[in-house]
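Take a look at the structure set out below.
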Amino acid sequence: MIGHTVLRYEEVSSTNDRAKELLERPDADGLAVLALRQTKGRGRLGRSWFSPDDKGLYLSIIIKRSFSGNTPMLLCPAASLAAALAVEKMSGPDVYIKWPNDLIVNGKKAGGILIEQIGGAYIAGIGINLNTDPSGFPEDIKGKATSLMAESGTIWDRNVFTREYFALFEQLLSKISGGAGGDVLEKIKARSFTIGKIVDVRDGCRSFHGEAVGFEGDGSLLLKAPDGKILNIRSGEIK
Ligand code: BT5
C-alpha cells in the first residue's frame, strides 16, 4: 500500500535522496518520505526545486514491485494524475497536466513530478506549492509559478492532501499494473495542457515542432509534424 509508512523530516537535502537511502528496507514498497523543507530539492536534469519551509508538499514514494511491459513509463502520468485528482477531490482549482510532468493551475506551474529509477526500484518525487506566497518565488520562476493557496484563496492541509494522494496514487498504480494504463492516459488527455496545441519539444539536442495530438500507450507524446508525419516522443520538454 502506498503510504503504509510515512517518515517525516523537518529538513532533508531532497526527499528523493532520503528515499534512495531506504530502498533496502524490507517494507520499502509504498514507503513515503515527507519533509517540511528541502535544502537541495531537485527537478529533472539537475534543475532545482524551490522548497521553502513549511509551505509546500515535498514527498517521495518508493515503488518497488514487479511491473510488466511498459508499465513503469506510466508512473509519471499516474503520479501527475493522482495530484490533479487529489486537488479536485479537495474542491481545489482545476489542475492541467503539461506533458510530461508539470502540474499547471491557471496557466502557471503549481507542481511537478520527478520519477527516478534505481535498479528495479522507482522513486516518485512529488513537489506541490500548497501554501507558497507567490511574492516569495525566486526571480527566475516569478510569474511562471503559482500555489494552490494563491489560486484558491484557501490554506491547504498537507496531511489531508497527502492521505488523498496516497489513496488515489494506489488506485492508479493498480490500473497501470493491471493493464488499464489507457484509462489513465484518457483521464490525462481530458486535463492536458498540451494536447491540441502547436508546440516545440526539446529532447537533449534534438527539437521537434508540431501539433500535440495524443499519447502512445506508454505515455509518449504524439506530435503531428508540419509534413503530416506523426512523431512519437518519449521524453523531453515543451518550450
Ligand atoms: C519538476 O522538474 O517539475 C519536478 C519537481 C519535483 C520536486 C519534488 S519535491 C519532492 C521530491 N524531492 C526532490 O528533490 N524533488 C521531488 P522540472 O520539470 O525539471 O522543473 C524544474 C523547473 O521548475 C525549475 O528549473 C524551475 O524553472 C521551476 N521550478 C522550480 N521550483 C519550482 C516551484 N517550487 N514551483 C514552480 N516551478 C518551480
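Owing to the predicted nature of the structure, the values given are computational and were not obtained by experimental measurement. In listed order, ligands and their atoms are each counted from 1. When a residue number appears, it is its place in the shown sequence, counting from 1.
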Does an N or O from [X], backbone or side chain, lie closer than 3.5 Å to an N or O of ligand 1?
X      : value
Phe50  : yes
Asp140 : no
Arg44  : yes
Glu237 : no

Is it true that [X] and [Y] have a side-chain N and a carboxylate O under 4.0 angstrom from each other?
X      : Y      : result
Arg234 : Glu216 : no
Lys109 : Glu151 : no
Glu186 : Arg191 : no
Asp53  : Arg37  : yes
Asp17  : Arg42  : yes
Lys224 : Glu211 : no
Asp183 : Lys175 : yes

(message) Looking at Lys55, I'd like to know if its NZ atom is crowded, meaning that more than 12 non-hydrogen atoms belonging to other residues, nucleotides or ligands lie closer than 6.0 Å.
(response)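 Open.
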Under a 4.0 angstrom heavy-atom cut-off, which atoms of ligand 1 come close to [X]?
X      : answer
Ile126 : 8 (C), 9 (S), 10 (C)
Asn16  : 11 (C), 12 (N)
Asn129 : 33 (C), 34 (N), 35 (N), 36 (C)
Gly41  : 14 (O)

Quick one: look up the protein heavy atom nearest [atom] and list residue, atom name and how far away it is.
atom                    : value
atom 5 (C) of ligand 1  : Trp49 CE3, 3.5 Å
atom 28 (C) of ligand 1 : Ile141 CG2, 3.7 Å
atom 4 (C) of ligand 1  : Ile113 O, 3.6 Å
atom 11 (C) of ligand 1 : Thr15 OG1, 3.2 Å
atom 9 (S) of ligand 1  : Gln38 NE2, 3.4 Å
atom 30 (C) of ligand 1 : Ser48 O, 3.3 Å
atom 3 (O) of ligand 1  : Lys109 NZ, 2.8 Å
atom 1 (C) of ligand 1  : Asn101 ND2, 3.4 Å

(message) Within 45 degrees of the ring normal and closer than 6.0 Å to the centroid, is that where the cationic atom of Lys197 sits relative to Phe193?
(response) yes
(request) Name the orientation class of the two ring planes belonging to Phe161 and Tyr165 (parallel below 30°, tilted from 30 to 60°, perpendicular beyond 60°). (result) parallel
(request) Answer with yes or no whether Leu45 contacts ligand 1, where contact means a heavy atom under 4.0 Å from a ligand atom. (result)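 In this structure, Leu45 fails to qualify as a contact of ligand 1 - no heavy atom is under 4.0 Å.
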(request) Decide whether the shortest distance between a heavy atom of Gly111 and an atom of ligand 1 is less than 4.0 Å. (result) no
Atom pairs and distances, donor-acceptor, side-chain atoms in residues 127-139, under 3.5 Å, two or more places apart:
{"residue": "Asn129", "atom": "ND2", "partner": "Thr146", "partner atom": "O", "Å": "2.9"}
{"residue": "Asn131", "atom": "OD1", "partner": "Trp156", "partner atom": "N", "Å": "2.7"}
{"residue": "Asn131", "atom": "ND2", "partner": "Trp156", "partner atom": "O", "Å": "2.8"}
{"residue": "Asp133", "atom": "OD1", "partner": "Ser135", "partner atom": "N", "Å": "3.0"}
{"residue": "Asp133", "atom": "OD1", "partner": "Ser135", "partner atom": "OG", "Å": "3.0"}
{"residue": "Asp133", "atom": "OD2", "partner": "Ser135", "partner atom": "OG", "Å": "3.1"}
{"residue": "Glu139", "atom": "OE2", "partner": "Lys142", "partner atom": "NZ", "Å": "3.4"}

(message) Quick check: do Phe208 and Asp203 have side-chain heavy atoms less than 4.5 Å from each other?
(response)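 Heavy-atom side-chain distance check passes, below 4.5 Å.
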(request) Between Ser51 and ligand 1, find which residue part has any heavy-atom pair under 4.0 Å and reply side chain, backbone, both or neither. (result) neither
(message) Applying a heavy-atom cut-off of 4.0 Å, say which part of Arg42 lies close to ligand 1: side chain, backbone, both or neither.
(response)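 Looking at Arg42 and ligand 1, atoms from backbone and side chain both fall under 4.0 Å.
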